[in-house]
Amino acid sequence: MPLLETLNLVKRFRDEEGRSQEVVDVPSFVVEEGEQAAIKGPSGCGKTTFLHLVSGILAADEGSIQVAGTELTSLSEARRDRFRAENIGYVFQSFHLMRDYTCLENVQLGMSFGPGVDKNFARKLLEEVGLGHRLNYKAMALSVGQQQRVALARALANRPKLVLADEPTGSLDEENAGVALSMIRKLCQENGAALILASHDRAIVETFDTKVDFAALNQASATNAGGLAK
Amino acid sequence: MSPIRMAAIGLKQRAVSSSIAATSVALSGCLLMLVWAFKSEAERTFAAADGGFDAVLGPRGSKLQIVLNALYHLDESPGLMRWEDYERIKGNRAVAAAYPIAVGDNYYGIRLVGTEIEYLQNHEYREGRKFELQGDGRLFEQDALEAVIGSQASRQVGMKVGDTFHPYHGLQFNIDARHEELYTITGVLEPTGTPADRVIWIPIQGIQTMSGHDPNAATDISAVLIKLRPGANMAGFQLDMLYNRRGDRLTFAWPASRSILQFFEKLGWFDQVLQAIAAMVAVIAGAGITAVLYNAMNERQRDIAVWRALGARRQTVFGIAILESLGITISGLTGAFILYAVAGNGIARFIRNEAGVALDIFSSNAAFWWTPIGLLAIGLLAGLAPAFKAYKTDVTKNLI
């Protein structure tokens, strides 16, 4: 049984004139347990919306999303939130760390909405990303590369089955991007989490065995030219 | 990380605006407690500070004026009454004790009260409590130029046993109105927490025959302090009838504390105005909290979106915003109690100095329950709009 399976997934938004526009229309998408997949496509092709649907942040208008045997579309918003906290880790392009929280608090924040805070595991994760000596530093005092590593530790805080990474290296220079990518893949593997990484960077996508051209997969973006992907 | 900790970090991020909002809560809470608790405590204490007397007989005039003058040593006497009036009421079967007092002189603004030595010797100003003298002092001799000074008055003018002084004419100090008589302090009273602490006691003849006083009034007195026999309530009615209804020369103020309570009742409108002002300040403080948190929620849309993306439910972010509001309110309440203690002590000291009545500002009072409950309710309401904004935060729009 696959870890993630979507079927006939459709999401529509209303444009400024109030007309309904399809943004995502994906017939089928599958990721196996522990698999690492990259989805590529230009900005605005619907990758982020697709990840929001898979994580339960957004509710689908049509279709089905099964994650670890749970049908997300049948859950209420509150139960999707709970499911996300317990099963899905999220790494954002601009990290979205809490500026006034310490590194440790940022990781604990991810835990506090899930099964509960495990301070030792939070420390261990930060040590694994090489920030064991920066536990009590405020996030805003870190370099961009370090912030990305805290974000990665936060995404893994609840031992998720699935990690979604949306342009995780988009804010990094080439050298740091390579280091960060290796770290994300390595830690997901070590922690038994599958990874879906969305990127428009061909070089990054090429390092994955499973590559999905989202622009081609998404029937909606093909017709709407990605104009409403956000 | 608990929601309380997250709310605390949120408040710390906006320390200045949160502190200002908390300060406004503190001020309103303090004001509410001062108005409310002080009024009831002052009422209770003033009514209880009747010096152990049931009634006052004085010249024809307002009962309140007679009581304020004779028992609290405030205000002026409405006039004089005859010594025979004192002897007549003293001889009444229902009267357990009666003490004449005469006023009309001062020492640097501290009132001189003439009375008989028996008052200081025998009278219980509170049940089972008689006047006592500090150290090796003694009471004055009835026919000597001697004085006993109240503890507060002693501190105020720095006089002790053996010191001498010239009285001044009138109840207000006038340096040109010095009497020739030279009095010697023979004793300092132990504190009683009653108006007796802030006057100087001298023999009644001293006031009556002071140089410069009208010789025709040499036997007149200002009032008679009366203790009725236990269970003599009927006598109180009869004396009230005798002096107030049938007579037209004297006024019988009975029960003594009722005049004070009526005085407070007359001040009820003023008390209500103050309470209304305090309530308005509390509402304004609530509006301040709403403004601070609502603006904060605008600034924190991204943070809230991140919390939601990490799995926080809408109810959780709603709850955190409410906790922040309550955090400001609770900080403000803590400040309110501190301010109340500081301001309350200051006001209580002022009242003690001016009226000789010791208020216990921390005695149990409904204000100490209802003010926090009311302010917490306001804080909760104030947090609703910001919390609802947090609840409605659009995750996808704010995660760009």
Side-chain angles (χ1 to χ4, degrees), chain A residues 11 13 23 43 48-49 51-53 55-59 76-102 104-117 119 122 138 140 151 154-155 157-158 160 164 166-167 229-230, chain B residues 1-19 21 292-293 295-324 327-328 331 386-400:
Chain A
K11 180 66 188 174
F13 286 132
V23 179
S43 294
T48 298
T49 304
L51 293 185
H52 284 170
L53 288 167
S55 64
I57 290 173
L58 279 176
S76 65
E77 185 186 57
R79 294 190 65 186
R80 287 203 311 274
D81 292 337
R82 183 76 188 168
F83 183 85
R84 179 166 65 256
E86 291 176 350
N87 296 282
I88 298 173
Y90 217 122
V91 185
F92 308 98
Q93 176 177 350
S94 42
F95 322 139
H96 291 320
L97 296 179
M98 300 290 120
R99 290 164 54 83
D100 291 302
Y101 287 37
T102 64
L104 196 58
E105 284 172 336
N106 264 289
V107 178
Q108 288 173 350
L109 178 70
M111 294 170 159
S112 50
F113 303 124
V117 172
K119 215 168 182 175
K138 291 273 170 70
M140 60 187 169
R154 184 178 66 184
N158 291 330
L164 305 174
D166 189 5
E167 303 279 7
K230 294 286 181 188
Chain B
M1 183 179 297
S2 70
I4 291 175
R5 171 86 179 124
M6 290 162 73
I9 293 175
L11 290 178
K12 204 173 151 194
Q13 282 173 332
R14 301 175 310 284
V16 174
S17 53
S18 301
S19 303
V292 165
L293 290 182
N295 286 339
M297 292 308 154
N298 269 337
E299 292 161 12
R300 294 167 67 200
Q301 295 274 290
R302 186 200 66 109
D303 286 1
I304 294 166
V306 174
W307 293 351
R308 297 269 293 109
L310 292 175
R313 287 181 298 164
R314 286 186 192 274
Q315 292 91 325
T316 305
V317 294
F318 183 92
I320 290 169
I322 291 287
L323 280 175
E324 290 190 12
I328 291 176
S331 309
F388 194 65
K389 187 167 183 65
Y391 182 92
K392 296 285 286 177
T393 297
D394 186 323
V395 180
T396 52
K397 271 188 188 163
N398 290 287
L399 273 184
I400 298 165

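By convention in this document, chain letters (A, B, ...) are assigned in the order of the sequence lines, proteins followed by strands, and residues within each chain are numbered from 1.
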**Message:** As a quick check of understanding, evaluate side-chain contact (heavy atoms from CB on, under 4.5 Å) for A/I57 and A/Y90, giving each step before the final call.
**Reply:** CA-CA 11 Å; A/I57 290 173; A/Y90 217 122; 3.8 Å; yes

**A/I88 portion near chain B, given a 4.5 angstrom heavy-atom threshold** = neither

**Item:** Under 4.5 Å from any heavy atom of chain B - which part of A/E77
**Value:** side chain

**Prompt:** Just how far is it from atom CD of B/E324 to atom CD1 of B/I9, taken to the nearest 0.5 Å?
**Reply:** 10.0 Å

**Message:** Are more than 12 heavy atoms, taken from residues, nucleotides or ligands other than B/R314, located less than 6.0 Å from that residue's CZ atom?
**Reply:** yes

**Message:** Salt bridge check, B/K12 against A/D100: does any charged N sit closer than 4.0 Å to a carboxylate O?
**Reply:** no

**Under 4.5 Å from any heavy atom of chain B - which part of A/R79** = neither

**Message:** Please classify the contact of A/Y101 with chain B as side chain, backbone, both or neither, using a heavy-atom distance under 4.5 Å.
**Reply:** side chain

**Prompt:** Which region of B/R300, side chain (C-beta onward) or backbone (N, CA, C, O), has a non-hydrogen atom less than 4.5 Å from a non-hydrogen atom of chain A, or is it both or neither?
**Reply:** neither

**Item:** A/E105 vs A/R154, salt bridge (Lys or Arg N to Asp or Glu O under 4.0 Å): CA-CA, chis, key distance, verdict
**Value:** CA-CA 9 Å; A/E105 284 172 336; A/R154 184 178 66 184; over 6 Å; no

**Asked** Which one of A/L109, A/L58, A/V117 has the most heavy-atom pairs closer than 4.5 Å to chain B?
**Response** A/L109

